[in-house]
Amino acid sequence: MSAVRGWTHFFSGLAMVTFFPPLLLDLINGVMWPVLAGVAAYMPDFVDFKFRKFLWRQDIVVDPAPRDPRTKLSPRRIKINKLSEAERWRLYYIQGYVGRVLEEREGFAKFTLRDETGEILVIARDRDYTKLRETLGSTIEEAARAKRRISISGFLDIGEDGKPYWNVADAPHPQLIANKVAEAIDRAYESGRMVTIKIHNIRVAGDFYRRFLVHYDQDNKRIIVYMGPLVSTGGLPLEGTEPPEYRKLGVAYTKYSFRKVYPRPTIIDAFSGPEIGYVKSGEVVEEVFIPWHRGFSHSVTASLIAGVVVGLLALLVGYTNYLYLAVACTLGYLAHVLEDQLGFMGSNLLPPLTKKRVPGLMLFPTRPGLMNFATNWLMLALMIWNLNRFSPQLGVTPYKLIRLSTVIQSIPVHLEDYALLGLLIAPTLLVYLAGVVDRSLFIRKYRAPGVEEAKRKETLEEALEEVGGY
Amino acid sequence: MIVVEYFITVFDVILWGLMGASLGLALSWIPGLHIANLMILVLYATPLFTGGNEYAAPYFALGAVVAFSFMSSIASTYLSVSDESMMLMLFPSQRYLLVGRGHRAVLLYCIGALIGALFLAVFMTTIGVVVMPIIYNLFSPYYWFALLAVVLFMFLSEWPKESDLGRSGLERLWLAWRQILGGLLVFFASGVLGLYATYSGLIKLEVSFARLTPLFIGFFGLPWVLRNIISRRTLPAQDTRHVVETAPSAVINGATSGIIGGGIAAFFPVITGGMGALIGGHMASSRGDDAFLISQGAARTVYYTGALFFLFHPTMRITRGAVAWLVGGLYTPKAWIEFYYGAALIILVAGASLLGTIYMSKAVAKLLTRVSYAKISAVIAVFLVALVYYLTGFNGLILLAAATAVGFAAMVFNTRLSYCLGALILPVLLNITGYTDEALTLLGIR
């Protein structure tokens, strides 16, 4: 994934403007066209996240816990006569009156629930039973005697006797997601085209999200989905919300081999659920995470087109410095593409010559935020350097405000600009260098031949810790 | 040789500073009541500041602003409770409140605010003395470029929250763009109100310094208070122990992000704390609720206090923010000692405000679980309306009603509330691009 945030890209475009004194002069005079360089630098993500994401074809949609249309929260109510095989393992709630209580003891209850459309067997076990009692404020027997209308969240499941029942739960069963991911992989192999699955996230009251994790067990052709605790949008787990063991895990087998390029499992919680593409490559199916992203929009080719388009538009509206603006926009756009290459995902750099994403440099994989900060600093440094050297030329100041030769007299005057540049960008270069070291350590740890299995286990354990409860 | 006389004493600084802090602590918990409104009220009602000791107003204001930076967390945490069905993403402080951890949110905020205050005082009196004038001279010709860039980035980076719920590609696209277009609508509607408040003569000339008060109370205060009344939500019991555990990385990350964001907002004109915080968060890759709350504390303190503190700098001559503009008319710094006294006062009042805010938080947390939330909100609503009427008369109430509708629209569209700052930004942008006359003619103002 990219280490570089949106502002950094935008800021890079603004920094490119400062290389051109005519554009700076326009800004001083209140002519604001050069701001388009910042817009151009942000454009690749704007195109992807504001258009392509929504228009991308979704072949399989998994909504493990449909939201109530009014409250926009999960679960939503389902009537008993609407429960069918298609709804199996999805989180809903049913509402009605307790009919017969077949069994109730500590940690277990079996009873029927009746609404205006039908009746269903309900089973509550382990912590789900305790939570149900807490919610009801009474035993099931007492609720039945009181003839109270009650709501019970959970999912439809099929018992060993082949009969459906309502399993009391506060999260969907992960088997649903595992099955759908496996289906997508098989369909991609059989159809020979990319199959995209959309997995919706699960938002519950209090603006909390149920976290779950999709793990690809390549050697055994298994998809394993772990259901985790509720987390805040910041990823902080809420204590005591992990599902009980019996409904924590979903496993599905695929018919065909598959490959996940990035070693970490896919974690889904806040904001929005991802789209994942699967495409046949040789004899295996490869995962393409958010396939609508980092395509043509993130290419060197697109950066040239962006510059030409902005230049022509500026020419049409009569902007005198349209050529400088076009170059600044191209450089800003290109900076975005190159900055994204610092991360792992990479981009399709030279379409139509290249068809797939070219993997990124993966600098500083353990501290991606530091790469982002260092890149911001680099852009700020370039701005300061340019503004300082151009200020006298633009009439902003009668002399350069920063003159190293007055502080360090051994620096020749004609080299002091370059010395200043070196000094300003040194922190960024040091962080990038540390990023290279961190990358090699990371690769040694996760990618050395013969440690594939250990690597996968370790990354899975790490991710499970993130999911919580393991 | 020019001899500059100055008569400032430590006694003046402490006396006026602590008086200001007392006012800030006493009133800043009221939602929508920006410290600039309080200062307007004080300067409007108290001739003492205009006719007496010339150091009264600046140090009083500095004390009040530092206290406001801390105490306003009470309003944002406890008095703007939200509903998950109305907003697709709650603020961490609102979420903490709904799970009984409102006090914890305030403590995290205060950690950030304290770091922000210490950083500001130390940085400005050491490295800042050398660096800030250079930065100022390099970047000051490009202020409006920076403002336009930040506004554009706000719109470009709007994160569509509802789009996933669409069944077809076009429906998803519409849901996403409905929010973005809603943001634009809020921005321009606020901008139009800003133009009316500034140019129409609706607000009398003698109280023109308070012309934006009805708008800001309408955008940021009243909608929340009214929502509290409408939703009739009850709060769970709050954990009021003075204990907060968080990762050191969250403190470092949050404080860095807040200081960057607050610094940008304090330095560049018209760019506000919310806009600065957005950039600071992106630059420091801030993630997580704890880091967010800490960054909010640091950003607000550095922004509000830093903007006013520039006024005390004897050589830079920068006036930033509404409070500095108010006080700037009464005070011009003459010596460095005034600047250093200001820095010391920031630290002193930050310490006092920390204690005041923590105990206020505890008291409010207990009160809100006992007294009807709707009733408290109703009393606050009446106070805010009365304040607007007192300062700006009946016409101010018309602006207040319109601004409240715009504030509500921001909530309905699930868009950033900071787009309401169009009231400030749009008139400035029109001005610098030379289109003010056309806009006023179009609106029938001129």
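Lettering follows sequence order; numbering is per chain, from 1. Quick caveat: nothing in here was measured; it's all calculated off a predicted structure.
A donor-acceptor pair under 3.5 Å links the side-chain atoms of K50(A) to the main chain of E158(B), judged by distance alone. Although no hydrogens or angles enter the test, the distance criterion places no donor-acceptor pair under 3.5 Å between the side chain of N388(A) and the main chain of L138(B).
Using a 4.5 Å cut-off between heavy atoms, R101(B) contacts chain A through its side chain alone, with no backbone atom that close. Only the backbone of W56(A) has a heavy atom closer than 4.5 Å to any heavy atom of chain B. Looking at S286(B), only its backbone comes within 4.5 Å of chain A, counting heavy atoms on both sides. Interface residue K198(A): only side-chain heavy atoms are found under 4.5 Å from chain B. Residue contact with chain B, scored on non-hydrogen atoms closer than 4.5 Å, is absent for L36(A). With a threshold of 4.5 angstrom between heavy atoms, Y142(B) approaches chain A through side-chain atoms but not through N, CA, C or O. Residue F373(A) touches chain B through both its backbone and its side chain, counting heavy-atom pairs closer than 4.5 Å. The part of P160(B) that comes within reach of chain A is its side chain, from C-beta onward, which places non-hydrogen atoms under 4.5 angstrom from that chain. Proximity to chain A is absent for every atom of W174(B), based on heavy atoms less than 4.5 angstrom apart. Contact annotation for V396(A): only side-chain heavy atoms (C-beta onward) come within less than 4.5 Å of a heavy atom of chain B. For I402(A), the part sitting under 4.5 Å from any heavy atom of chain B is the side chain, from C-beta outward, and nothing else. Contact annotation for L278(B): neither backbone nor side-chain heavy atoms come within less than 4.5 Å of a heavy atom of chain A.
Counting heavy-atom pairs under 4.5 Å between each of L156(B), I260(B), L170(B) and chain A puts L156(B) at the top. In terms of non-hydrogen atom pairs under 4.5 Å with chain A, the most contact-rich of N253(B), I432(B), L148(B) is L148(B). Taking chain B as the reference chain and counting heavy-atom pairs below 4.5 Å, the highest number among L55(A), V31(A), L27(A) is found for L27(A). Among P141(B), A146(B), G434(B), the residue with the largest count of heavy-atom pairs under 4.5 Å with chain A is P141(B).
Looking only at side-chain heavy atoms (C-beta outward), I279(B) and F11(A) stay at 4.5 Å or farther from each other. Side chains of F51(A) and W177(B) form a contact here, defined as non-hydrogen atoms less than 4.5 Å apart. The shortest side-chain heavy-atom distance between L175(B) and F54(A) does not fall under the 4.5 Å cut-off.
Closest of all the heavy-atom pairs between A149(B) and V35(A) is CA-CG2, 3.8 Å. Taking both residues in full, the closest heavy atoms of N372(A) and H282(B) are given as ND2-O, 2.6 Å, listed atom of the first, atom of the second, then distance.
Around atom CZ of R76(A), more than 12 heavy atoms belonging to other residues, nucleotides or ligands sit under 6.0 Å away. Within a 6.0 Å radius of CH2 in W33(A), other residues, nucleotides and ligands contribute 12 heavy atoms or fewer. Atom OH of Y324(A) has 12 or fewer heavy atoms from other residues, nucleotides or ligands within 6.0 Å.
Here the OG1-CZ distance, from T18(A) to F145(B), works out to 8.5 Å after rounding to the nearest 0.5 Å. Taking CG of L387(A) as the start and CD1 of I134(B) as the end, the distance is 13.0 Å to the nearest 0.5 Å.
Screening F10(A), Y42(A), W7(A) against S157(B) for a side-chain contact (heavy atoms from CB on, under 4.5 Å) leaves a single residue, Y42(A). Partner S285(B) forms a side-chain contact (heavy atoms from CB on, under 4.5 Å) with one of R5(A), M371(A), R367(A) and no other, that one being R5(A).
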